[in-house]
There are 2 protein chains.
Amino acid sequence: MRPEIIQKLSEIVGKDNLYTELEDLYCYTYDASFVKADFKKDLAGVAVYPSNTEEVAQIIKLANQEMIPVVPRGAGTNVSGGTISVGDCIILVLKRMNKILEIDGKNLIAVVEPGVITGQLQSEVERIGLFYPPDPASQAFSTMGGNVAECAGGPRGVKYGVTRDYVIGLEAVLPTGEVINTGGRTIKNVTGYDMTKLFTGSEGTLCVITKIIVKLIPLPEAKSTMMAVFPEIVQACETVSEIIATGLVPCSLELLDNIYIRNIEEYAKVGLPTEAGAVLLIEVDGDSEILAKQIGKIEKICSRLGAVQIRVAKTKEEAEELWRARRSAFAAVSRLRPTIIGEDATVPRSSIPAAVNRIQEIAAKYNIIVAILGHAGDGNLHATILTDETDLEEMARVEKAIDEIFIATVELGGSLSGEHGIGRAKSKFITIQTGEVGLEVQRQIKQALDPNNILNPGVMFGA
Amino acid sequence: MRPEIIQKLSEIVGKDNLYTELEDLYCYTYDASFVKADFKKDLAGVAVYPSNTEEVAQIIKLANQEMIPVVPRGAGTNVSGGTISVGDCIILVLKRMNKILEIDGKNLIAVVEPGVITGQLQSEVERIGLFYPPDPASQAFSTMGGNVAECAGGPRGVKYGVTRDYVIGLEAVLPTGEVINTGGRTIKNVTGYDMTKLFTGSEGTLCVITKIIVKLIPLPEAKSTMMAVFPEIVQACETVSEIIATGLVPCSLELLDNIYIRNIEEYAKVGLPTEAGAVLLIEVDGDSEILAKQIGKIEKICSRLGAVQIRVAKTKEEAEELWRARRSAFAAVSRLRPTIIGEDATVPRSSIPAAVNRIQEIAAKYNIIVAILGHAGDGNLHATILTDETDLEEMARVEKAIDEIFIATVELGGSLSGEHGIGRAKSKFITIQTGEVGLEVQRQIKQALDPNNILNPGVMFGA
């Protein structure tokens with residue numbers, strides 16, 4: 001990065017909030033995905049930590065004038081390579097903008113800066129009986145800005161939807177450095193195009209989010225958790241379809257396959273039957289009067305479709321224990337092989353059995369290990385490829401397998417990504433789903449708003 | 001319209017589906033809004049009724065080549081002047097594309113053509129225990145395509161959200177004539193920009209919607225309806241805020257002011273106390289076990305805040321009777337003066353008392369009649385101006401009053417339109433809310449997708 005740019009940036013954010021040392025910049029060559037920036041070619045020129053919207057606007061204005069790429073970044077927990085450096089760029093880290101500006105219990109909204117940790121917002125609103133449902137696995141570390149940029153989901157998506165269903169207003173800095181406000185504080189709002197939803201999930205390519213207004217809902221009175229064990233994974237998948245088709249809406253409906261079960265049990269000793277084909281972890285919430293009835297109905301469906309063991313948590317601690325199995329899943333399988341590639345192809349719920357079948361066939365064909373866990377209730381399967389990125393021969397097979405998984409997903413009426421985003425990891429696959437025309441119209445929007453292509457270039461649209 | 005264009009259009013849709021007579025074209029100079037196209041200047045050149053996507057695509061391609069404006073239209077029930085003719089244009093009526101293509105109970109989705117009547121879809125899905133919540137007042141006539149284009153709302157918005165919360169995929173014809181598919185059949189979907197939500201509420205300015213995928217939810221088991229009568233409107237407004245702040249979420253929470261009450265009673269004889277300051281019509285739904293508890297809590301709040309009469313419907317017929325009052329509201333006040341201008345400014349729910357106050361002050365200042373009814377539960381007030389458009393002096397005062405209502409709304413943190421859209425009626429006000437930069441970025445999107453400005457020119461952005 002040219003010294004005069006560094007100087008100007010330093011004047012904007014202060015020299016203590018700007019990093020140029022190699023060991024600092026190295027951190028931004030990766031995020032939580034398997035994509036890594038080339039250390040030599042793609043190292044960032046500078047990382048800046050602005051503290052307010054005005055500083056962000058000045059940085060972007062400068063970058064746009066000088067045509068310097070800018071990569072916005074929160075906690076870097078995304079798993080699609082959406083926040084890694086692209087050569088001599090500015091890494092714009094929003095973690096210092098971390099204030100919860102307002103929790104408005106009368107209007108059921110919260111206003112936050114992008115650096116607020118999602119889990120922290122959740123704790124704060126729950127203290128006054130409110131609820132912000134989106135619950136990505138990263139919620140203890142990931143930021144609201146990142147969650148909005150990626151449109152994060154989570155287990156509760158099946159009942160409560162995802163981040164886009166809660167964002168009702170944004171303040172954002174455009175690629176020109178201009179600040180705009182979209183949406184607002186009302187649930188109903190049709191004044192102009194829905195820029196709020198367009199920016200949500202735009203992966204840092206259209207704007208830098210500097211303030212977020214989310215709607216909140218009343219915290220459900222109670223919840224109840226159960227686990228059902230199935231000899232065959234197809235039985236578990238059919239159970240998921242049947243629960244949904246019956247009109248029951250659990251707040252979570254999670255599936256673990258045998259590979260996960262075995263590894264979790266080895267790792268966390270939670271009492272899972274290691275010979276089981278699949279386990280469903282099911283949680284319902286709502287008024288305490290109706291939970292027992294719902295759990296009863298779900299138990300019946302599980303039994304009818306072949307569950308050999310059903311555990312309903314009787315205490316909060318027992319529920320926590322069941323969730324511990326699910327939460328240790330990634331840690332457990334990550335001991336198996338050095339590289340984990342977590343896909344999140346999503347299919348219509350009735351296609352889950354077929355999707356699981358296809359994934360298992362593809363894994364067998366290419367002789368690779370693919371474990372399946374997922375938010376089965378909303379069709380969001382996480383096919384987890386356990387591999388070794390240094391084994392180039394195996395990686396070639398992995399790539400072919402991923403290609404086929406994506407094609408199968410779209411053939412089954414699904415989406416390449418349910419909640420992880422496209423980023424740099426999947427940009428080459430995007431037209432499988434959008435088609436050329438569908439991508440072109442998105443590119444036109446990108447081009448209209450960011451003619452110099454300074455914001456997160458390469459993400460979503462490829463190089 | 002040039003004869004060779006008429007000829008080409010006739011070849012596309014067939015001569016029986018094309019209209020050029022004066023008495024036909026006159027119909028398209030107005031919709032359900034108070035805006036009327038100038039009969040001499042703005043009469044359409046032709047109206048066409050395509051029967052499938054391919055025909056729509058051919059029409060748009062031709063229009064784009066020849067730079068002829070196209071005004072897409074469903075049932076014409078919109079109240080913001082979004083579907084009226086703009087001179088020598090093509091009126092593209094989508095009513096023949098009226099098939100429910102699929103109701104998929106396993107995946108809780110429906111796929112419909114744009115000409116399907118919203119109420120018809122609702123009846124069909126309810127027959128199998130499913131629910132499509134958006135319920136604009138026009139639901140018995142308005143089409144799904146129009147509902148999506150306007151992002152229609154309705155009383156149930158307070159609990160269930162609006163059209164945008166249910167549209168998960170679209171097929172649409174772009175201004176180039178190209179066909180794209182956005183979103184899909186999955187609840188979670190983050191592949192690329194959220195074009196589905198961008199197109200929803202874009203008022204026919206970005207694309208012509210030819211197929212719609214909506215998510216459905218299980219039909220609530222039961223509902224319960226009540227009415228509470230308040231001496232003063234401010235008490236009713238405070239009751240609304242209190243109900244919401246207590247964490248209760250009725251499926252409808254409707255407010256009628258004294259002007260409405262008196263006129264409804266005169267017109268429909270439903271037993272409303274004509275001296276009351278306001279009436280709240282409240283409906284809760286969900287599991288039958290919990291409704292009585294919810295109604296009980298709401299009754300207590302109403303009493304505490306000054307309700308002098310509370311009626312809880314004991315039968316379906318009694319509930320229907322309460323709703324009849326609400327439904328006859330517009331018909332009732334339309335007898336008062338020849339012109340009705342229904343605004344739908346929306347404020348954060350806690351600002352409802354202040355908004356009602358401001359509206360009443362403005363009405364007094366300009367000596368005009370403004371009746372208030374609204375979806376108070378989501379802050380979506382319908383300030384209804386009762387006037388006479390032939391009285392130019394009064395209309396001048398009305399215009400000033402509308403200006404001030406909009407400014408007050410935005411000052412209170414609200415939106416110019418909650419569910420009616422901007423159309424031609426409010427385009428001159430839009431920057432009060434979006435700001436110049438906010439509108440400019442939307443104009444850039446319009447320009448990128450529709451460089452010849454053929455789709456519904458003038459709507460949203462003005463002439």
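Proteins come first, then strands; the chains are lettered A, B, ... in the order of their sequence lines, and each starts at number 1.
- Taking B:H420, B:K106, B:K446, B:M460 one by one and counting their heavy-atom pairs under 4.5 Å with chain A, the maximum is reached by B:M460.
- Proximity to chain A at a heavy-atom threshold of 4.5 Å picks out B:L174 from residues 166-175 of chain B, in numerical order.
- For B:K159 and B:D285, the salt-bridge test passes: some basic side-chain N is under 4.0 Å from an acidic carboxylate O.
- Only the side chain of B:E289 comes within contact range of chain A, judged by heavy atoms closer than 4.5 Å.
- Between chain B and the residues A:N189, A:L416, A:D165, A:V249, the largest count of heavy-atom pairs under 4.5 Å involves A:N189.
- A:T191 and B:S415 share a side-chain donor-acceptor pair at under 3.5 Å.
- The candidate with the highest count of non-hydrogen atom pairs below 4.5 Å against chain A, out of B:G247, B:S427, B:G435, is B:G247.
- Heavy-atom pairs under 4.5 Å with chain A were tallied for B:I217, B:D194, B:D344; the largest tally goes to B:D194.
- The candidate from A:E178, A:Q433, A:E150, A:K215 with the greatest count of non-hydrogen atom pairs under 4.5 Å with chain B is A:Q433.
- Here A:E221 pairs with B:K293 under the salt bridge (charged side-chain N to carboxylate O under 4.0 Å, His left out) rule; sequence neighbours left out.
- Counting heavy-atom pairs under 4.5 Å between each of B:S202, B:S241, B:G184, B:G183 and chain A puts B:S202 at the top.
- Between B:F461 and A:Y193, the two ring planes are perpendicular [angle over 60°; tilted spans 30° to 60°].
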- Message: The test is side chain to side chain contact (heavy atoms under 4.5 Å, CB included); show your working for B:I422 and A:V190 and say whether it passes.
- Response: CA-CA 7 Å; B:I422 297 299; A:V190 293; over 6 Å; no
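- Remark: B:R349 engages no residue in a salt bridge (charged side-chain N to carboxylate O under 4.0 Å, His left out) (not counting sequence neighbours).
- Looking only at atom types and distance, the side chain of B:T205 has no donor-acceptor partner in the side chain of B:E203 under 3.5 Å away.
- For chain A, the option among B:D104, B:I180, B:L206, B:L439 with the highest count of heavy-atom pairs below 4.5 Å is B:L206.
- Interface residue B:V162: only side-chain heavy atoms are found under 4.5 Å from chain A.
- Not one N or O on the side chain of B:R164 forms a donor-acceptor pair closer than 3.5 Å with the backbone of B:T200.
- Among B:G157, B:P348, B:G105, the residue making the largest number of heavy-atom pairs under 4.5 Å with chain A is B:P348.
- Only the side chain of B:I290 comes within contact range of chain A, judged by heavy atoms closer than 4.5 Å.
- For a residue to count as touching a neighbouring chain, one of its non-hydrogen atoms must lie under 4.5 Å from one of that chain's; by this rule A:V347 touches chain B with the backbone only.
- Using a 4.5 Å cut-off between heavy atoms, B:H375 touches chain A through its side chain atoms alone.
- Considering only heavy atoms from C-beta on, A:F199 comes within 4.5 Å of A:L449 through its side chain.
- Contact check for A:S252 versus A:Y160: no side-chain heavy atoms found under the 4.5 Å cut-off.
- The two atoms that bring B:P136 and B:N147 nearest to each other are CG-OD1, 3.5 Å, heavy atoms only.
- Ion pairing of A:R185 with A:E102 is present here, as a side-chain N (NZ or NE/NH1/NH2) and a carboxylate O approach within less than 4.0 Å.
- The parts of B:V437 that come within reach of chain A are both its backbone and its side chain, each placing non-hydrogen atoms under 4.5 angstrom from that chain.
- Within the 4.5 Å cutoff, no side-chain heavy atoms of B:I187 are placed close to those of A:T346.
- Both the backbone and the side chain of B:N107 have a heavy atom closer than 4.5 Å to some heavy atom of chain A.
- For a residue to count as touching a neighbouring chain, one of its non-hydrogen atoms must lie under 4.5 Å from one of that chain's; by this rule A:N380 touches chain B with the side chain only.
- Judged as a side-chain contact (heavy atoms from CB on, under 4.5 Å), and not counting sequence neighbours, the contacts of B:A345 are B:T409.
- When A:A245, A:P218, A:G153, A:G418 are compared by the number of non-hydrogen pairs under 4.5 Å with chain B, A:G418 comes out ahead.
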